[in-house]
Amino acid sequence: MLMKSYITTPIYYVNGSPHIGHAFTSIMADILKRNRQALGYEMMLSTGVDEHGQKNQEAAEDLGMPVTDYLDMRCKEFRDVFEQLGVEFDYFVRTSREGHKTAVAEMEQRIFDKGLIVKKQYTGIYCKGCEEFKKESDLTEDGQCPLHPTMKVEQTDETNYFLKMEPFREKLLKHIDDNPDFVQPEPFKNELKKMLAEPLEDLCISRPKTRVTLGVDLPFDPDFVTYVWFDALANYLTNIGWPEDGYQDWWAECEHMIGKDILKPHGVYWPLMLMAADLPLPKKLSVHSHWVGAGGVKMSKSIGNVVDPIEVMDKLGVDALRWYLARHMRADTDSQISVDLITQAYNSELGNKIGNLLSRVAKFSNKNFDGKVPMPGALTAEDEALRNTVVEAGKAFAGWINLQDIPVATQQIVDAAVAMNEYIDQQAPWSLFKNEETRERCATVLYVTLDCQRILFEALTQVIPGSAARALGMLNAPQAATPWAPELDKLAGGTELGEIDALFPRVQ
């Protein structure tokens, strides 16, 4: 039986268009999926949209659209963008789906029946941006929500239903200590433990229909809808068929990919909801930091430093974006991004170091060796050294990659490409070809380079699948084996080369 791996992205709020944060999380999840597939795992990747809550309701009203038409429009927009980004999701979540709503109500009823949900009056501060009640200590000195500084927080006084969280806090802390990989990387695990250091207040899990109608009806009180986070988090289980039997094998291998801003809902609310419902916890939370503009300046429309994934794809193609996000992110600290930085990485790394070499060597072989991969002769120490460097670089993609490993693994590919360029410059096959007695040596140098490039592009099918497939097509490379490993001499001498064109044409 195949081993399983189930990767989830958060489901994204549809009150605005897809942005670079959505693109990043989903592309990283896709890279991890492709990595596991290359290792021979059976995969499930879920992504999608969160269609409930006050913000979505108000966004539809602002556009003067019926709410179902608005949700259909936004859902299609997100789905189309993810397909353009090359995200091969297996399940696209819509929280408006009847099966999801029924399952959410089932979870609530189970917890309610255990006496863990209570109805009470609440007076306090509410942030509409977070759709969350706040404590004074959660706010800035100016009394604003740090995540939504331009929105005024509201004083509210209303009756709601609350989940008791404190009974499970110690149990969750023990789970974190007993499972060192539960939260990665380490700084976010420490942050989560800080959140759990003090007794927890009850979590409000409802909104009165007088305020919000877009949501899942509470099964035990039709005057209320479910709090959007409770409803949204349950998608990870409802996607795989919970509460029906058969979900367990996927759930045991579930990895949630999240941004650091939603660590609390995923690291505190969700595990405690699962404990309250007597359900096992997911295997892992993989947390990443955020993207900021050039110079470390926070992105904002007024400054004009927002990076639009569609704009980048239109200018540079999808793999330029996928490459930059994979190569230049750091999981535990914020990373800089701009269209200029993406363009520089595309031209210098993909163009000059990786793409140009393929074009030069394949075109030279095409022209001087009858359109075929040259037949190699005896190998020298320099040949073996390069081959060893490339195999070592490829090994990063032949093992299980975690989120924080992605930039390190792609850096190794760049280093190997640099070594290949140095090898070609030193060996100078164009000079070797001029003399009859060094022509066999020329063929060997070209063969070694082309076979090494095959290995690099096989590895890169996990990161930039479109461009890697084109490169392998130019080499007419054989189908790679699963599980994948960087193996030498799989490109046979005498193989007809495909049509050679510029893989990463230079962009100004």
Side-chain angles (χ1 to χ4, degrees), residues 10-18 48-79 92-112 117-134 145 147-148 151-163 202-239 262 265 269-270 273 277:
I11 51 174
Y12 305 115
Y13 244 14
V14 292
N15 64 322
S17 293
V49 291
D50 183 356
E51 299 174 282
H52 292 150
Q54 189 173 355
K55 285 194 289 191
N56 292 338
Q57 185 177 311
E58 289 178 358
E61 286 165 6
D62 289 346
L63 289 175
M65 291 177 76
V67 75
T68 51
D69 293 354
Y70 174 80
L71 296 176
D72 285 346
M73 173 190 80
R74 281 290 196 218
C75 173
K76 182 179 185 309
E77 184 182 3
F78 272 80
R79 196 177 179 123
F92 194 87
V93 181
R94 293 194 68 174
T95 52
S96 60
R97 185 174 60 86
E98 281 309 316
H100 170 76
K101 293 198 279 194
T102 307
V104 169
E106 162 93 10
M107 187 181 284
E108 287 175 315
Q109 190 67 53
R110 284 189 188 190
I111 299 171
F112 183 76
I117 293 175
V118 293
K119 187 179 187 181
K120 61 185 180 184
Q121 181 82 3
Y122 177 85
T123 306
I125 305 157
Y126 184 74
C127 170
K128 198 190 287 186
C130 296
E131 300 210 20
E132 209 170 61
F133 293 101
K134 299 285 182 184
C145 169
L147 296 175
H148 300 95
M151 274 186 188
K152 277 193 90 64
V153 292
E154 303 166 0
Q155 284 292 328
T156 58
D157 184 357
E158 64 185 26
T159 301
N160 269 308
Y161 285 88
F162 290 77
L163 169 67
D202 297 345
L203 175 68
C204 181
I205 62 151
S206 70
R207 297 292 182 264
K209 280 190 180 171
T210 50
R211 185 149 65 86
V212 187
T213 54
L214 189 57
V216 179
D217 286 358
L218 279 194
F220 41 81
D221 192 334
D223 292 337
F224 291 81
V225 294
T226 304
Y227 170 45
V228 70
W229 266 114
F230 190 111
D231 163 15
L233 290 162
N235 93 86
Y236 303 130
L237 273 174
T238 66
N239 300 344
I262 51 174
Y269 304 167
W270 180 224
M273 283 164 56

What pairs with S17 under side-chain hydrogen bond (donor to acceptor under 3.5 Å, both in side chains), at least two apart in sequence or on another chain?
-> R74, E77
Nearest-0.5 Å distance, OG1 of residue T159 to CZ of residue F224 | 6.0 Å
Option among D231, I117, N160 that satisfies the side-chain contact (heavy atoms from CB on, under 4.5 Å) test with I205 = I117
Kindly compute the distance separating CD (E158) from OG1 (T210), expressed to the nearest 0.5 Å.
-> 6.5 Å
Output the distance between atom CG (L218) and atom OH (Y227), rounded to the nearest 0.5 Å.
-> 14.0 Å
Taken to the nearest 0.5 Å, the spacing of N235 CG from L233 CG works out to 7.5 Å
CD1-CD distance between I125 and E154, expressed to the nearest 0.5 angstrom = 11.5 Å
How long is the gap from CE on M273 to CG on L203, to the nearest 0.5 Å?
-> 8.0 Å
Audit row: L71, R94, side-chain contact (heavy atoms from CB on, under 4.5 Å) steps and yes/no | CA-CA 9 Å; L71 296 176; R94 293 194 68 174; 4.0 Å; yes
For A103 and T238, the nearest pair of non-hydrogen atoms, with its separation, is CB-CG2, 3.4 Å
Among all residues two or more places apart in sequence or in another chain, which pass the side-chain contact (heavy atoms from CB on, under 4.5 Å) test with D223?
-> D221
Do L214 and E51 come within less than 4.5 Å of each other through their side chains, counting heavy atoms only?
-> no
Could I get the full list of side-chain contact (heavy atoms from CB on, under 4.5 Å) partners for D62, not counting sequence neighbours?
-> none
For C75 and F92, the nearest pair of non-hydrogen atoms, with its separation, is SG-CE2, 3.6 Å
Charged N to carboxylate O under 4.0 angstrom, K101 versus D217?
-> no
Could you tell me whether the side chain of I111 reaches within less than 4.5 Å of the side chain of M107, counting heavy atoms only?
-> yes
Contacts of type side-chain contact (heavy atoms from CB on, under 4.5 Å), residue T102, not counting sequence neighbours = none
Does P208 reach the side chain of Y161, with side-chain heavy atoms less than 4.5 Å apart?
-> no
H100 versus V93: any side-chain heavy-atom pair under 4.5 Å?
-> no
Looking at P10 and I262, what are the two nearest heavy atoms and their distance?
-> CG-CD1, 3.6 Å
Please identify each residue that fulfils side-chain contact (heavy atoms from CB on, under 4.5 Å) with Q109, with sequence neighbours left out.
-> F112, D113, P219, F220
In chain order, what residues pass the salt bridge (Lys or Arg N to Asp or Glu O under 4.0 Å) check against E106, with sequence neighbours excluded?
-> R110
Mutual orientation of the aromatic rings belonging to Y12 and F78 [parallel < 30°, tilted 30-60°, perpendicular > 60°] | parallel
